[in-house]
2 protein chains.
Amino acid sequence: MVSLAVQTRKPERYEEILGAAAECFCQQGFAATSIDAVARYLGSTKGRIYHYFPSKMDLFNAVRDRGMELSFESIRPGYEAEASAVDRLALMAHGQCYAMMEHIAYMQVLLDGLRQRRYGATTEFQRKAMQRHLEQRDDFEARYIEVLKAAVAEGALRIGEMRLVSRSFLAAVNAPVFWFVPREDDDPEKLGRFADEITQFAMQGLGVDWTSERMQAMHKLKEGAYV
Amino acid sequence: MVSLAVQTRKPERYEEILGAAAECFCQQGFAATSIDAVARYLGSTKGRIYHYFPSKMDLFNAVRDRGMELSFESIRPGYEAEASAVDRLALMAHGQCYAMMEHIAYMQVLLDGLRQRRYGATTEFQRKAMQRHLEQRDDFEARYIEVLKAAVAEGALRIGEMRLVSRSFLAAVNAPVFWFVPREDDDPEKLGRFADEITQFAMQGLGVDWTSERMQAMHKLKEGAYV
DNA sequence: GCAAACATACTACCGGGTATGCTGTCAAAT
DNA sequence: ATTTGACAGCATACCCGGTAGTATGTTTGC
């Protein structure tokens, strides 16, 4: 955990470090990324980073937590929408898939964070942070499972083992984290089409006949949700 | 690349090291795993490992290559089966999904290997090894795309952007690498049921109406392919 | 003038790699 | 059959570069 005092004193400087760390961590992973490398990326030196973050692990945790926040934000419109469970699910998938590409660096760090589960003890404080993060992951998956169950209750789809299906679903939605590379000509429309295609695959995977009409209805719902 | 002479002189000792390395690398990743840690896992010291592998990177490459071999093996029955493209595809997915759980350690290492793409230069020889590996990955995906196109040609399914669909498909099939943890009571039937469920999700994602009859037909085909 | 916001200099340690030492085995020489 | 030496198969000891973390300047804004 980072001292909130330091974090809010100069928010933009803090954010700059966080972004640079995300960029570095996502390329080489936590272990292979040195604090000096992050500092070089910033055109600075270690001193600056250690002024905001007490340790490398804390820096990583901050990046990871930010990634989690972005993830939750991405599914919120769908999760909170007042619509059928199937439409909510699709909107969640679409939002998360889009965020996967928009915030690719943070999402790749989030992926790397999975490994640290067995990273041994470190401090008691660190262990708490890890446990908190694991709970967040569970909460995240629980939201999908909640809406999935609602969809089943609505008779919109039939599912075998819930855990297996939800994880297959999430894997498909998360997939861009592996292959997406940002380009100059990335525009929201293009990313949107990517997300559309993947959402369709995921929804069909559930056994839903995801027609283009339903896709359009989902997009309408999305516009409405943001108002 | 590892000298074949050393590898074949004492195959079982070589394999033991390879397995231990897979086990260690898959938990902490390449960078965070020390050669000493692998040696400790073996109840030995560095000397033994460096007697078989010239460097840490070579050890990792050997594990990764083995993982690739296992992957190719896992989809071969489906890829080479004489059946409809859709059935072949399902059999490929099922085989790979099963291998994902059976050889979880090697597969997690394979996942970690993705990151090393931008790992900088190292030696010219290492760069060759990396390029060879990337070509293998492309070949692997190409096999799926080939059968996918055949399925489209057969009129069995309709697909939007091929790359997006193939990667969503693969992501769903690969998903167990993230959540599967081996247990004492793991039996082939259990893993088979997991693979069944995931295969169904993936096939449905393609828009195929994957009935239990087709699933059974696929299993029949699998038995036949092994004879 | 004083503290925040850094940069610089330094320490301690870990881990990859190497050089060297030790032991059992096996095959050829006697 | 015994000797011997040569090499595989490791273990031990050591070197050294890189890195996390710290301690101490230095500058800039208020």
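Residue numbers start from 1 in every chain, and the chains themselves are labelled A, B, ... in the order their sequence lines are given, proteins ahead of strands. On a predicted model such as this, the values are computed, not experimentally measured, just so you know. Only heavy atoms go into these numbers, but all of them, side chains included; no hydrogens, no water, no symmetry mates.
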(message) So does M162(A) get a backbone contact from the side chain of K149(A), meaning a donor-acceptor N/O pair under 3.5 Å?
(response) no

(request) Figure out the CD/C1' separation between E12(A) and dA5(C), and round it to whole Å. (result) 12 Å

(message) What I want to check is whether the side chains of Y144(A) and Q96(A) have a donor and an acceptor closer together than 3.5 Å.
(response) yes

(request) Report, as a single string ordered 5' to 3', how protein heavy atoms within less than 4.0 Å touch nucleotides 19-26 of chain D: B base, S sugar-phosphate only, - not at all. (result) SBBB----

(request) May I have all residue pairs that pass side-chain hydrogen bond (donor to acceptor under 3.5 Å, both in side chains) and include part of residues 186-196 of chain B, sequence neighbours excluded? (result) H94(B)-D196(B), D186(B)-K190(B), D196(B)-H219(B)

(request) Look at E15(A) together with R66(A) and state whether they make a salt bridge at an N to O cut-off of under 4.0 Å. (result) yes

(request) Output yes when E146(A) and R143(A) qualify as a salt bridge under the 4.0 Å nitrogen-oxygen rule, no when they do not. (result) no

(request) Could you tell me whether the phosphate oxygens of dA7(C), OP1 or OP2, come under 4.0 Å of any side-chain nitrogen or oxygen in S44(A)? (result) yes

(request) May I have the distance from R48(A) (atom CZ) to dA4(C) (atom P), rounded to whole angstrom? (result) 17 Å

(message) Would you say that R163(B) contacts E141(B) through its side chain, given a criterion of any heavy-atom pair below 4.5 Å between the two side chains?
(response) yes

(message) Looking only at the aromatic ring of each residue, does the gap between the centers of F25(B) and Y106(B) stay below 6.0 angstrom?
(response) no

(request) Measure the distance from CG on L42(B) to P on dG9(D) and round it to the nearest whole Å. (result) 15 Å

(message) If you compare every side-chain N and O of R13(A) against the phosphate oxygens of dA4(C) (OP1, OP2), does one of them come in below 4.0 Å?
(response) no

(message) Between R132(A) and E135(A) (salt bridge meaning N to carboxylate O under 4.0 Å), is one present in this structure?
(response) no

Sub-3.5 Å pairs of nitrogen or oxygen atoms, protein against nucleotides 28-30 of chain D:
none

(request) State whether Y52(A) places a side-chain N or O below 4.0 Å from either non-bridging phosphate oxygen (OP1 or OP2) of dC6(C). (result) yes

(message) If the cut-off is 4.0 Å, is H51(B) near the phosphate of dG9(D), judged by side-chain N/O to OP1 or OP2?
(response) yes

